[in-house]
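See structure below.
Nothing fancy with the numbering, it's 1 onward along the sequence.
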Amino acid sequence: MKKWLSNFGPGALITAAFIGPGTVTVCTLAGVNFGYTLLWALALSIIACIVLQEMAARLGVVAQNGLSEVLKSQFTNKTIKWTLIIIIISAIFVGNAAYEAGNISGGVLGLTTIIGSPTIEVASYTFNYASLIIGVLAFILLYIGNYKILERSLIVLVLSMSTAFIVTAIVTKPNLFSIFNGFVPDLDPEKLFTVIGLIGTTVVPYNLFLHASIVKEKWKSPEDLPTARKDTIIAIVVGGVMSMSIVIAGAAIQNTEVNNAVDLAKSLEPVFGTAAKYILSLGLLAAGVTSAITAPLAAAYVVKGCLGWNGDLKSKQFRSVWMFILFLGVLFSSLGIKSIEIIQFAQVANGLLLPIIAGFLLWVMNKKEILGIYTNSWKQNVIGFLILGVTIFLGLRSIWKVIINM
């Protein structure tokens, strides 16, 4: 068993990254508003995620370079190269800073549901020190700079999330026939934005950078590709099962207004007892902590690759990036600052980034000078370009939503 477990790890970081408080909330609302009828959308998003993340992992193992390093090497024109680098760094850096505040806030929701609201008054500000607790935990794991310790810690947290969400779904005693019917596509226009939200929260652009960078920490040869592929598939499927469990748990809530994940935790208490509430809160806490670790880590890897920094996870430059992202997340979360403009910019940036990165990844995965015999097959290209079409639609929708809300 120990030997079997030692073959897995990088995929757990990807699952930890996309199963955050945002995913919990979107899946909760999907279940509350539409029951099991959108499970098919989650299934499609899981397939899309597996396809793109497998490409990123294959690139990292074969080329022994991250996506940002490959990007930098493929353009000789300095203007084009630096324009792309600036776009990517801006989107990843600002976007991850904004979402880091959400990750930590989500972890705080889970923690406060269990222990109450830990706040103190400092001058005219109300300071929630639960944010600091989560921030310190993330800081310690990142500062250690030992990939194996980080990997194992996230595996434990992902397993905690899995247990929490799956047990909560089982407690709701769902109708299995209705669940199976939920995998039949339903193209009701009223459900379109929720469908897009479910796909968008699973296929995360910075995960493509993160995966290509971290697999080379564990695997050094193309001979390891079957293991890397198995790791990717298992981890993302586990994440998908977690997402579906949250939808199923949300579908059990009736005659209760649920606006976010913490409402789900509270509303489950009178229906299924205090146990379900605390189990779900544990899952929400684990989701917040894992995403609070992976978002700064991804930003640091992207900046490191784009700017050509040397060194490992312990280098001063690498640490300076994730420290700043983590600091902003703790600050905004603990003081309750509403960074609406930053979040709007992050939505626009990530809306542009996802199709750009997916398109670039497909382009790279067909270059024999980089991957040799490990380039995409025609089937992988067909599926990849279908996914690219969806990401372009998601990007345009994200930008349009921000424009009409301004």
On a heavy-atom basis, the closest approach of Val302 and Ser68 is O-OG, 3.7 Å

Contacts of Trp378 that satisfy ring pair (Phe, Tyr, Trp, His ring centres under 6.0 Å) - sequence neighbours left out:
none

Closest non-hydrogen contact found for Ile236 with Thr15 is N-OG1, 3.8 Å

Residues in side-chain hydrogen bond (donor to acceptor under 3.5 Å, both in side chains) contact with Ser377, at least two apart in sequence or another chain:
Gln380

For a side-chain contact (heavy atoms from CB on, under 4.5 Å) check, start with the C-alpha distance between Ser213 and Leu67, then their side-chain angles and the critical distance, and finish with the verdict.
CA-CA 7 Å; Ser213 295; Leu67 187 54; over 6 Å; no

Could you tell me whether a side-chain N or O of Asn175 sits under 3.5 Å from a main-chain N or O of Ser178, the two making a donor and an acceptor?
yes

Lys/Arg cation over aromatic Tyr374: Arg58, 6.0 Å, 45° cone
no

My understanding is that only residues two or more places apart in sequence, or in another chain, count here; which of them pass ring pair (Phe, Tyr, Trp, His ring centres under 6.0 Å) with Phe34?
none

As an exercise, state the distance from CG of Asp224 to NZ of Lys220, rounded to the nearest 0.5 Å.
10.0 Å

Do Leu307 and Lys72 touch side chain to side chain, with heavy atoms closer than 4.5 Å?
no

Within the supplied structure, the quantity of interest is the number of heavy atoms (other residues, nucleotides, ligands) at a distance under 6.0 Å from Phe360 CZ; does it exceed 12?
yes

CG of Leu328 to CZ of Phe324: how many Å apart, nearest 0.5 Å?
4.0 Å

Starting from the C-alpha separation in whole Å, work towards a yes-or-no answer on ring pair (Phe, Tyr, Trp, His ring centres under 6.0 Å) for Phe183 and Tyr36.
CA-CA 8 Å; Phe183 289 97; Tyr36 309 130; 9.8 Å; no

So CG of Leu208 and CD1 of Ile14: to nearest 0.5 Å the spacing works out to 8.0 Å

